[in-house]
Amino acid sequence: MANQANTELLLEISGIHKRFGGLCALNDVALSINKGEIYGLIGPNGAGKTTLFNVLTGLYQPDEGKFTFKGIDLFRQKPNVVVDSGIARTFQNIRLFHNMTALENVMVGRHVRTKAGVIGAVFRNPGTRVEEAAIKARSLELLDYVGIRKHAEEHAKNLSYGDQRRLEIARALATDPQLLALDEPAAGMNGKETDDLKRLMEKIRADGVTILLIEHDVKLMMGLCDRIAVLDYGKKIAEGVPEVVKNDPRVIEAYLGATPD
Amino acid sequence: MSNNDKKLLEVKGLQVAYGGIQAVKGIDLEIKQGELVALIGANGAGKTTTLKTLVGMVKPAAGTILYDGQDTSRIPVYHYISRGLSLVPEGRGIFPRLTVEENLLMGAYYRNDKAEIQNDLARVYTLFPRLKERYKQLAGTLSGGEQQMVAMGRAILARPKLLLLDEPSMGLAPIIVQKIFEIIRQIASEGVTMLLVEQNAKLALKTASRGYVMESGKITYADSAEALLANEKVQHAYLGE
Amino acid sequence: MDIFIQQLINGLVVGSIYALIALGYTMVYGILQLINFAHGEIVMMGAMITISAISVLSATGIGLPGPVLVVGGLLIAMPITMLIGFIIERIAYRPLRNAPRLAPLITAIGISIVLQQVAVLVWKNNPRSFPDLLPHEGHNFFGAVITDLQIVIVALALLIMVGLLVMVEKTKLGRAMRAVSMNQAVAGLMGVNINYVISMTFVIGSGLGAIAGVMVGANYGLAYPTMGFMIGLKAFTAAVLGGIGNLGGAVAGGILLGIIESVGAGYLGPLTGGVLGSHYQDIFAFMVLILVLVFRPSGLLGERVAERA
Amino acid sequence: MLTFSKKNKVTAYIGMAVFAVVLAVLPFIMGATLGNTWVRNLDLAMLYIMLALGLNIVVGYAGLLDLGYIAFYAVGAYVYALLNSPHLVPLLAGTGFEWILHMPLLVVLPLAALMAGLFGVLLGSPTLKLRGDYLAIVTLGFGEIVRLFMNNLDRPINITNGPQGVNLIEPVSLFGHKFSQAITVFGVEFRSVHLYYYLFLALALMIIVVSIRLQSSRIGRAWVAIREDEIAAQAMGINTRNVKLLAFAMGASFGGVSGAMFASFQGFVSPESFILMESIVVLAMVVLGGMGHIPGVILGAILLFLTPEVLRDVVNPLQDKLLGERVVNPENLRMLLFGLALIFVMLVRPEGLWPSKRRKAELHEKDEKAAAEAAEKESAHG
Amino acid sequence: GNKEETPAAETAAPVSATAPGDVVIKIGHAAPLTGNIAHLGKDNENGVRLAIDELNTENVEIGGKKVKFEMVSEDDQADPKTATTVAQRFVDAKVAGVIGHLNSGTTIPASKIYSDAGIPQISPSATNAAYTQQGFKTAFRVIANDIAQGGALGEFAATTLKAKKVAIIDDRTAYGQGLADEFEKAAKAKGVTVVGREFTTNQATDFMAILTTIKGKKPDIIFYGGMDAQAGPLTQQLKKLGVSAKVIGGDGFQTGEYIKLAGDNAEGQYASQPGMPKDKMPGFGAFNEKYKAKFNTDIQIYAPFTYDATRVMVAAMKKAGSSDPAKYLPEMAKTDYAGVTGPIKFDAKGDILGGNVTVYQVKNGVWEAVATVGGAALAPAAAPAPAPADAAAPAPAEAPK
Ligand SMILES: Nc1ncnc2c1ncn2[C@@H]1O[C@H](COP(=O)(O)OP(=O)(O)OP(=O)(O)O)[C@@H](O)[C@H]1O
Ligand SMILES: Nc1ncnc2c1ncn2[C@@H]1O[C@H](COP(=O)(O)OP(=O)(O)OP(=O)(O)O)[C@@H](O)[C@H]1O
Ligand SMILES: [Mg+2]
Ligand SMILES: [Mg+2]
């Protein structure tokens, strides 16, 4: 926002509605995220944040609205198309492939960027072998990147909670996303671990990936995000730089309460 | 005052293992009647495991647990609650396809005093007016904060003597966290003894009178809450910048 | 027209029998998410034991009236099937509660084979005729015929469903059953004796199985050790059609399946100009099942628990 | 199937060579000691290995519970039977399509696989949205539909010859030699059962290799991912619809190959061979052996197929010896023991007799999963 | 054949009752001994056992040597695949001949293996015409085939019962469908109208839907091609619907079981049985008594036929002076034997010559023969089968409907 010249629009949604039976989980939501920013999404429990993530990643089909990413129309597209276009995510309740190793988890993330099929698998032609080696190399690199390379051969479910969160991020990064959507990555982490996570996110951003972040840790959000949007009852009630959002009376009333500390 | 010095819970040398993995490696804990004690520590330190062991969901490998002066090792899981031990589990553990009221009544499952149960239910509804509004809604459709309220309300209906809370603030909006902690203080003020496990260490220590710090299955610090808050090492390891 | 009404009645009766059995499947499924493949054999056991019990009772020579004999036989059979149900859960399912999902499915199949073979050893392979003791006076209903026994079957299916619904929705045991079905660990924390609740579910389901078995035996006049498989399969299909785990769904699915079958058998021929015939009734039934599930992936009345992402 | 460290490579190669020799002479050893029934049993066991490996792709790899798998076996069998028997002759007479009959094995076999694969897709497509037990019942229904069609497509036009089945199916003929006739090479007489043994062995090995290679491929990983968590798999960009259909098609085509071989081996097919119980038995082979683990599945297939046959040899003589008469109908006893064995094995080894590491791990997952599920709020809107 | 003392057992083969010097001749028997029709399979087995036990007391000599017979009985589970496995077991066990199988669906695939091994096979009960039309020299049967039985029933329905309209039901098994088709052909040939053709399965117990359809068509009689376990409840349900048309069918439910299952409603229904009426069978009375005495149960259906089949086989061995299949097979073809079921001779294909079919009716709760239809004339006439080598398809002459 500050320097218009440098901003490049990455994701734009408008008029998004999502209903579950009688409940309107998203009501006319509009967002636009610029390339390279860390964009925060906050709001009370049940406000529709995760639902918005699900819509953005194709897991839920919105009822109406507009959704473009890099100018490509992704409205009501299948998840695999969305991922292919460059959006990846993590889940609020960690959803790893528990009985695969950490490395295999990340390798699954490479699926969308590779193409060996049955023929390749069966005949193991040179092309397939090269691709397979590349998948592995890139995956190890990513494990290293998030700092859990030493756990590569462990089953995902045996990793500690914080490492599982990191693994989920590595897996998402394996799809080569331009936009990485993280759903409460710091939930259940203590202050120290949260700080580590914050540094990881800054590194990812520095490497050119735009981040969309949901978190209830206000301190983290205020310190990390370039801009923040606030959802309440499926509606966007505020948007702007942290300082402004923090002092918005509606946000205080619906979400922050009397400021702690 | 003598009553207040009574040890409600006394844990000695507790060890717990999952298969080959030792999750708790010989810890000692003590909680006096009416106390609010916090248990903090990193992920995987063994906090949840400790709580689960206290209510019989996990069997200890070694050590003794004396509750109200009695050894609890032979009690089946479903009898703990009638002895006054109640756990609000990590992740809330509500029954998604029961209504809010049915969930609350599950807390009183072991009780047969119908009139008293109705009283307690009314009390929960005054504590959480939000739940009264929604008593017929399926609990699975509630928001996270509301579910946490259901879980706490359910525990109240069990009339516990010792209430164990496992990360009640996890994933909740700040405003809800404040509310939950208000309620925790209120329940404590009514004389219920509590052991509170929290990732939000600062908040937990501010609420509790005493605290334990757990690290890789061991207790590393045991002190008054203020002392722990002031402890630099604790600050550095758990409280963040 | 009278033919059409007759076909509907036929379907209703078969359907009610399916429903009676489907209730047993659905109860167990509801609480454990387990297909109790052995339930069909419980039904068979109910019928076979009742036949034996009746012959013992009538051999005493007291000269009891027919219906009393049947009820007497049933009262002997029910506790036995309940015990069998209890034992099955105890030895074949309980140890596998934390095992991979398909393991109990295989033990269930094993149990079903074992029960069937035990029945063959006890009763031999021949079909047994079910003693003709119940009134089956035919009543004329717009030119169609329905017998007393058939009316009883339909009424019983509905009655038992209502009874079960009341139990599950209104009683403490019912609430505990539902709680156990959602989260066993937490239900235990609340003071629910999970093993007891699950055992009760099997005991009740198996008791119902015995009733269903007697209805089947009496209605068709025979029972045999291998009868459980086919009728169990149909009933299970009905339970799924209605939405497995849902008591009302079991009855709705049962009756619907019965009517589909009977209408399929009766009208596929004329409707297709004789190209298809009653031999396509099962195909027709399965096609309907698939169609229903494609449009309602959790059955007719099943809860649509969309998995949350 | 087995991995060896480098320094063990030599021993491994020796081991493999020994194994290969054993496989090669096995039918003759069996034939000499136990009779040709056992060579025949070996042949049939091989067919079941192929079947079980096919189902393993669907159930073991992709985690889709299929109770109607035998349908694909049936499709393969009928494709072979109809194209290699006199049955269709009157129907095709004068239509100009007579050429479809009597095609060489190398054409019929892929055709059978293809047809079965097609049916796999046909079954797969309406069931993609279904989960767990709903999928089970629909696949079960599908299996029955296929069998019923085969039983009833004798009127108005006689395509399958209905319950009478298709008879006089020609045996496999390779390199101009009919497998029904014995052949003598270097003084060794290879009988029909031997020839089939080597053919089936070759096909089974092929299927094993394909299974192994699929497992550790990009596609194999996608299957496991879907089995572990379908939504997460979707979110990783896996086109779950196509990947699942692929599993159905691959599994089905293995079944088709096995079915075609069954038809030629047996010389007769009828719908009775494709009843639900067969599907259940094949499923039991996969689960009992160790889902998703190829050696386990093979072991399961061999054990479940051969146990009843062994019991046949054991139960009667044993009763005669011990009791002097046959107190219990041996056939009942055989089934009884089979049932008890199923229960016993599952109780002792719920993860299967020879599970993969991954599956072993899964066994200890439930508690955590319950907690995770509880944490997840579930929604039940109508 | 005297009492053996225990010491002998040490040296003797594991076969229990063999004196040291005897030659043991194994005769295979195959039938379903488990499953739905195990009672029929057991009955077949009993027939063979009776014959063999008798033969063993008769001091039979073959080629100048005293011989002992031993039955090797196997369960084919009525399943084609199992049947071929069983067949291979017999071949391995070097049986001299096989009595079986019970069902057409198992007899046919197994016959190929026997043919390849050159072992004679006599089926006591597989009536599907295709069995003997494969061109196998080793395949025989001692029972009239479906063409004969269906034809006889059709004729009986038309001429004796004077039926004008019939409805036909079959159970979609090889047996039921085959018989029903033959009945349909014969009935139509006699000018009877087929007003309905319905289908059920051999697992079914509920027939209300198809019977309701049939009721609307008002047939004079209802033909059922299938077994007793279905025919029983089917008959009951007809009565429930108030249909008075008579039920008629083949040997599948000409059993005591049927009468039990259908209860009072069995009264007056018809079913046929290949062969002469039991009381007219030359040796049936004596056979029946022996059977009851030995097994303490009633004959189901085919025991007399398996008994005869066993004896026919042994008679051929005696004549040839050898139990080597290659040697006695030619004698089998020349069989001329007076069995308890009647005279037995085979035609060129191995079918019984002049196989009669008797129609029975339930009267006062028991089956009573009411007519014997001359299958003798029908059987050879109806099966011209010009090209024995590869004609598996139904004979083209019968194609037009
Ligand atoms: N699949 C679904 N079916 C029905 N209702 C749903 C579904 N998914 C979400 N909802 C409802 O939509 C609303 C928004 O939920 P959502 O999970 O998006 O909230 P959230 O903002 O992420 O909350 P939290 O901070 O607690 O994670 C809630 O009321 C929820 O119950
Ligand atoms: N069911 C289980 N099986 C095997 N290991 C387990 C199981 N539950 C927990 N563990 C292991 O025991 C250790 C302690 O776990 P626990 O859940 O008690 O930690 P915690 O302190 O509650 O952590 P968190 O803050 O993440 O909740 C961890 O290493 C964990 O991986
Ligand atoms: Mg959320
Ligand atoms: Mg914890």
Side-chain angles (χ1 to χ4, degrees), chain C residues 29 33 35 91-92 95-107 109-118 120-121 125 182-186 229 233 236-237 240-241 244 274-277 279-280 282-283 285-287 289-291 293-294 297-299 302-309, chain D residues 59 65 126-127 129-134 136-138 140-142 144-145 148-149 151-152 156 230-231 235 276-277 280 283-284 287-288 291 328-329 332-333 335-336 338-347 350-352 359 362-364 366-367 370-371 373-374 376-382:
Chain C
Y29 190 91
Q33 282 74 50
I35 304 174
I91 63 172
L96 293 176
R97 249 181 236 164
N98 291 324
R101 243 178 48 84
L102 286 186
L105 189 77
I106 301 293
T107 46
I109 290 166
I111 289 279
S112 152
I113 293 174
V114 168
L115 285 180
Q116 198 173 317
Q117 293 307 319
V118 167
V120 171
L121 288 177
N125 244 313
M182 292 169 216
N183 191 336
Q184 290 189 14
V186 178
F229 186 74
L233 189 66
F236 174 60
T237 307
V240 171
L241 187 63
I244 189 156
V275 177
L276 304 179
H279 42 328
Y280 283 90
D282 283 345
I283 294 184
F286 280 122
M287 294 270 194
L289 173 82
I290 293 175
L291 273 182
L293 290 185
V294 164
S298 357
E303 288 170 82
R304 294 242 245 167
V305 190
E307 197 178 343
R308 280 214 59 181
Chain D
V59 182
L65 180 51
T127 60
K129 273 199 253 164
L130 302 176
R131 272 160 211 291
D133 302 310
Y134 288 94
I137 191 74
V138 168
L140 183 153
F142 178 82
E144 284 294 284
I145 288 176
L148 289 167
F149 266 119
N151 206 33
N152 292 319
E230 190 170 341
I231 286 182
L276 175 61
M277 197 59 201
I280 290 179
L283 180 69
V287 177
L288 204 97
M291 268 198 297
V328 182
N329 179 346
N332 295 336
L333 199 60
M335 285 306 282
L336 195 64
F338 180 71
L340 288 173
L342 284 187
I343 301 168
F344 180 75
V345 172
M346 282 290 101
L347 288 183
E351 72 277 27
R359 291 286 175 179
E362 253 170 60
L363 191 54
H364 308 286
K366 270 240 173 139
D367 330 302
E373 266 156 27
E376 193 172 343
K377 62 179 168 177
E378 200 178 333
S379 330
H381 289 274

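Numbers restart at 1 for each chain; the letters A, B, ... are given by sequence-line order, proteins then strands. These numbers come from the heavy atoms of this one structure, side chains and all, not from hydrogens, waters or symmetry mates. Being a predicted model, the structure only gives us computed values, none of them experimental.
Of the options D:Val345, D:Val287, D:Ile280, a side chain to side chain contact (heavy atoms under 4.5 Å, CB included) to C:Ile106 is made by D:Val287 and by none of the others. Residue D:Leu342 is tested with C:Thr107, C:Val114, C:Ile109 for a side chain to side chain contact (heavy atoms under 4.5 Å, CB included); the sole match is C:Ile109.
Proximity to chain D (any heavy atom under 4.5 Å) is shown, for C:Leu102, by both the backbone and the side chain. Residue D:Leu148 touches chain C through both its backbone and its side chain, counting heavy-atom pairs closer than 4.5 Å. Interface residue D:Leu340: backbone and side-chain heavy atoms are both found under 4.5 Å from chain C. For C:Gln33, the part lying near chain D is the backbone, with the side chain staying farther off; criterion is any non-hydrogen pair under 4.5 Å.
Distance OG1/C:Thr237 to CG/D:Leu140: 6.5 Å, rounded to 0.5 Å. Here CZ of D:Phe149 is found 4.0 Å from CD1 of C:Ile283. Values are rounded to the nearest 0.5 Å.
The ring-ring contact (aromatic ring centres under 6.0 Å, His included) check on C:Phe286 picks up nothing, with sequence neighbours excluded. Taking the ring-ring contact (aromatic ring centres under 6.0 Å, His included) definition, one finds that D:Phe338 meets it with nothing, sequence neighbours left out.
D:Ile137 has its side chain within reach of C:Leu293: a pair of non-hydrogen atoms, C-beta onward, lies under 4.5 Å apart. With contacts defined as side-chain heavy-atom distances shorter than 4.5 Å, the pair C:Asp282/D:Glu144 does not qualify.
Heavy atoms only, all atoms of each residue included: D:Asn152 and C:His279 are closest at ND2-O, 3.1 Å. Nearest heavy-atom pair across C:Ile113 and D:Met335 is CG2-O, 3.4 Å. Between D:Pro350 and C:Ala99, the closest heavy-atom pair is CB-CB, 3.5 Å. When all heavy atoms of D:Glu351 and C:Pro100 are compared, the pair lying nearest together is CA-CG, 4.3 Å.
When each of C:Ile244, C:Ile91, C:Leu276, C:Leu291 is scored by its heavy-atom pairs under 4.5 Å with chain D, the top score falls to C:Ile244.
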